[in-house]
Amino acid sequence: MALELYLDLYSQPCRSVYIFAKKNNIPFDLRRLSLLDGEQYGEEFGKINMIRKAPALRDGDFCLAESIAILLYLAEKFQTPDFWYPADLQQRARVNEYLSWQHMAIRMHGSKMFWLRLLIPKVLGVEVPQDKLDAALEDLNGSLKLIEEKFLQDRPFIAGDHISLADLVAIVEVMQPVGSGLDVFEGDPS
Amino acid sequence: MELYLDMHSPPCRLVFLFAKAVGIPFEFKHVELSTGQHYSEEFGKISMIRKVPVMKDGSFILTESIAILKYMVQKYSSSVADHWYPADLQQRARVNEYLSWQHMNIRAHASKVFLLRAVFPVIMGSEVPKEKMDAAVEDLNQSLNLLEEKFLENKQFIVGDKISLADIVALIEVMQPLGTGLNVFEGRPKLSAWRERVKKELGEKLFDEAHEVIMKVGSLPEKMQNNSQLEMLRPKFQKLFR
């Protein structure tokens with residue numbers, strides 16, 4: 001049985017897994033999941049991932065949740081090129097540092113903007129108070145600033161000269177608010 | 001190796017406990033969060049993110065406790081036993097799965113309950129609204145349910161028969177609200193039994209030493225009240241209560 005990836009491409013962590021697998025020619029069966037339709041609450045999916053979130057991986061009878069864990073599993077199992085998750089102690093630490101920091105920072109803030117600008121008003125039809133939007137934008141800008149000043153600095157990529165998992169995880173999060181019409185790249189050449 | 005730590009902070013207790021448990025030598029550099037030391041110019045040169053823990057190994061500076069733990073495991077691989085971060089693909093994936101999930105779940109919820117109970121009244125000058133407190137405790141309970149049902153199941157430790165990084169990462173967070181008088185272990189025999197096993201593996205004396213400060217957290221409000229940096233810290237803490 002081929003490796004299965006349960007993904008909803010509206011979700012940032014699903015995109016990072018999808019891009020990584022495709023880019024590295026990792027064979028998998030795509031199992032599309034619609035989070036907006038609540039498919040993650042179905043009985044079948046509950047057996048794959050009782051946390052009921054996407055992405056999820058099924059490899060034979062081994063099931064795994066959490067995009068970071070899935071990315072690391074795929075990198076190791078399929079022996080992807082070193083630059084994705086460098087063996088070098090300090091470079092690997094830089095990637096791990098970003099992968100850890102991003103959960104409660106850009107991931108949280110990018111998602112919130114997407115919800116406040118798109119999902120809540122357009123899909124749920126509920127108006128969002130301006131002060132909530134302003135606070136969320138401030139948080140998002142704070143995270144983006146840290147990505148530039150601490151994680152990138154004057155390097156081409158987070159770990160140095162080459163792209164790594166850190167950049168992949170970062171870019172899918174930064175793109176999320178863009179989908180709701182907020183151009184986060186405006187005025188920010190780096 | 002220098003570790004910049006405030007033992008009130010769970011991720012600080014995490015790196016402290018692990019380094020001590022496996023015998024990694026380090027110099028303890030105290031950072032007092034309650035007086036805003038992390039906003040000082042000096043600390044800003046160590047880490048512009050202004051959080052703890054921070055590791056300084058020679059000229060290499062690293063933040064984020066999970067990254068620091070993995071760095072220690074890799075650097076000291078010849079002396080750190082395999083079970084902490086197993087080389088086996090699936091077992092390692094289980095550790096990574098927990099390490100990833102916990103940020104926005106147990107960590108976020110246990111910290112929030114702690115902050116609301118220990119720090120909110122000092123910062124806001126009023127009691128925590130009941131609704132807010134109840135919601136925070138409910139979130140924490142749901143996380144604890146998942147910890148028991150999905151991550152522990154009927155195993156001795158999160159990965160199986162042996163302790164790993166995941167268990168320490170979990171336990172130091174679960175301990176956080178304890179000092180404020182909220183006994184999260186009450187009515188949870190499975191969790192209590194697991195706690196005892198983890199304590200035993202780490203060493204009871206070491207574990208108690210690491211948690212001494214957080215168990216005496218009753219004195220924290222007074223310390224903060226009398227501190228000149230309170231006005232500067234107030235808006236920063238207010239954000240955390242949202």
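Chain letters run A, B, ... following the sequence lines, proteins first, then strands; residues in each count from 1.
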Subject >> Matching residue for M72(B) among V22(B), L62(B), I24(B) - test: side-chain contact (heavy atoms from CB on, under 4.5 Å) >> reply: I24(B)
Original post:
Where on L146(B) is there a heavy atom nearer than 4.5 Å to chain A: the side chain, the backbone, both, or neither?
Top reply: side chain
Original post:
Where does E138(A) contact chain B at under 4.5 Å (heavy atoms): side chain, backbone, both or neither?
Top reply: side chain
Subject >> Which portion of L69(B) sits near chain A, non-hydrogen atoms under 4.5 angstrom >> reply: neither
Original post:
Using non-hydrogen atoms only, which part of L72(A) is less than 4.5 Å away from chain B: side chain, backbone, both, or neither?
Top reply: side chain
Original post:
Who wins among Q90(B), M48(B), M104(B) for the most heavy-atom pairs under 4.5 Å with chain A?
Top reply: Q90(B)
**OP:** State, to 0.1 Å, how close D29(A) and A2(A) come at their nearest heavy-atom pair, and which atoms those are.
**Re:** OD2-CB, 3.9 Å
Original post:
Relative to chain B, which of R94(A), R107(A), E149(A) shows the most heavy atom pairs under 4.5 Å?
Top reply: R94(A)
**OP:** Please look at A75(A) and chain B and tell me whether the side chain, the backbone, both or neither of the residue comes under 4.5 angstrom of a heavy atom of that chain.
**Re:** neither
Subject >> Pairs of heavy atoms under 4.5 Å with chain A: top-ranked of R92(B), E149(B), K51(B) >> reply: E149(B)
Subject >> Whether over 12 other heavy atoms sit under 6.0 Å from K23(A) NZ >> reply: no
Original post:
Would a line drawn from the ring center of F60(B) to the ring center of Y71(B) be shorter than 6.0 Å?
Top reply: yes
**OP:** Select, from D57(B), I61(B), N105(B), the one with the greatest count of heavy-atom pairs under 4.5 Å involving chain A.
**Re:** I61(B)
Original post:
So, E39(A) and S34(A): side-chain donor and acceptor under 3.5 Å apart, yes or no?
Top reply: no
Subject >> chain B contact via L89(A) - which portion, at a heavy-atom distance below 4.5 Å >> reply: both
Subject >> Exercise: do K70(B) and Y85(B) side chains pair donor with acceptor under 3.5 Å >> reply: yes
**OP:** Report the residue from R107(B), R13(B), K112(B) that forms a salt bridge (Lys or Arg N to Asp or Glu O under 4.0 Å) with E173(B).
**Re:** R107(B)
Subject >> Top contributor to chain B contacts, counting heavy-atom pairs under 4.5 Å, from K77(A), K53(A), H103(A), M50(A) >> reply: H103(A)
**OP:** Measure the CZ-NE2 distance between F43(B) and H38(B) for me, rounded to the nearest 0.5 Å.
**Re:** 8.0 Å
Original post:
Can you tell which of A67(B), A93(B), S100(B) has the highest number of heavy-atom pairs within less than 4.5 Å of chain A?
Top reply: S100(B)
